[in-house]
Structure formats: structure tokens, C-alpha cells
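Note that this is a predicted model, so its numbers are computed, not measured.
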Amino acid sequence: MKTRLRDLREDNDLTQEQAAIIGCISKKSYERYENGVRDIPLEIIIKYAEFYNTSIDYIALLTNANKPYPKKI
């Protein structure tokens, strides 16, 4: 998961500090998630999936398809 989070951040030209702001977390917490020191809480993964317009499965390395799932009405 850490590699996807880093890749998404870098693909969007964001710093770790900017990514932390998006997730409403501290920069230190973000660094720990990105480096694999701590597991990312689901609510934080959801925030990043929404921001990066991808699925939580993509961030969790469960799929290589980076497009979000269609929303059900």
C-alpha cells in the first residue's frame, strides 16, 4: 500500500506535507503511512481514493485498475 500512496502523491506533484493536509493528518503520520511503519486507517484511505479519483482497492494493491468503481444510484 505504501508504494501506491507514494506513487499517487508523486504523480500529482504533491509534497508529503500537502498530502497530509488532504488526509487531514499530520505530516509525521503521513510519512509513517507512506513508509509502511503504520497501517492506514480506512477513513484516511477513503479520503485519498476520493482525492486521487481511484478506488481503495487500487491503493491497497488489490487491483491494478486505477479508475474508481462506478457509483450506484
Side-chain angles (χ1 to χ4, degrees):
M1 198 168 351
K2 63 183 182 176
T3 56
R4 282 278 162 83
L5 200 58
R6 178 178 290 128
D7 290 344
L8 286 166
R9 177 179 61 78
E10 290 175 349
D11 289 348
N12 286 274
D13 297 320
L14 298 173
T15 65
Q16 286 184 333
E17 187 171 349
Q18 291 169 320
I21 291 168
I22 292 162
C24 300
I25 56 175
S26 70
K27 182 178 181 252
K28 192 69 170 171
S29 290
Y30 182 84
E31 289 172 355
R32 289 178 179 143
Y33 299 150
E34 193 174 273
N35 292 323
V37 175
R38 296 195 64 201
D39 290 333
I40 308 169
L42 181 58
E43 65 268 11
I44 303 299
I45 295 172
I46 292 169
K47 285 182 184 183
Y48 288 119
E50 289 173 345
F51 178 81
Y52 293 124
N53 195 33
T54 191
S55 68
I56 59 174
D57 286 350
Y58 180 74
I59 294 174
L61 302 172
L62 297 174
T63 183
N64 288 325
N66 66 350
K67 297 295 179 198
Y69 298 117
K71 292 187 178 187
K72 294 183 180 183
I73 299 176

If you round to the nearest 0.5 Å, how far is [atom2] of [Y] from [atom1] of [X]?
{"X": "Ile22", "Y": "Phe51", "atom1": "CD1", "atom2": "CZ", "answer": "3.5 Å"}
{"X": "Thr3", "Y": "Ile59", "atom1": "OG1", "atom2": "CD1", "answer": "11.0 Å"}
{"X": "Arg6", "Y": "Glu31", "atom1": "CZ", "atom2": "CD", "answer": "10.5 Å"}

For the student: nearest non-hydrogen atoms of [X] and [Y], plus distance:
{"X": "Tyr33", "Y": "Ile44", "answer": "CE1-CG2, 4.5 Å"}
{"X": "Tyr52", "Y": "Leu8", "answer": "CE2-O, 3.6 Å"}
{"X": "Ala19", "Y": "Tyr48", "answer": "O-OH, 2.6 Å"}
{"X": "Leu61", "Y": "Arg4", "answer": "CD2-CG, 3.1 Å"}
{"X": "Ser55", "Y": "Ala65", "answer": "OG-O, 4.3 Å"}

### Query
Is Lys47 salt-bridged to Glu43, going by a charged N under 4.0 Å from an acidic O?
no
### Query
Would you find a donor on one side and an acceptor on the other, under 3.5 Å apart, between the side chain of Arg9 and the backbone of Leu14?
yes
### Query
Going by the side-chain hydrogen bond (donor to acceptor under 3.5 Å, both in side chains) test, which pairs reach into residues 11-22, not counting sequence neighbours?
Thr15-Gln18, Gln16-Glu34
### Task
Could you tell me which residues satisfy side chain to side chain contact (heavy atoms under 4.5 Å, CB included) with Ile56, sequence neighbours excluded, listed by chain and number?
Leu42, Ile45, Ile46, Ala49
### Task
Could you pull out all residues at least two apart from Asn66 that satisfy side chain to side chain contact (heavy atoms under 4.5 Å, CB included)?
Thr54, Tyr58
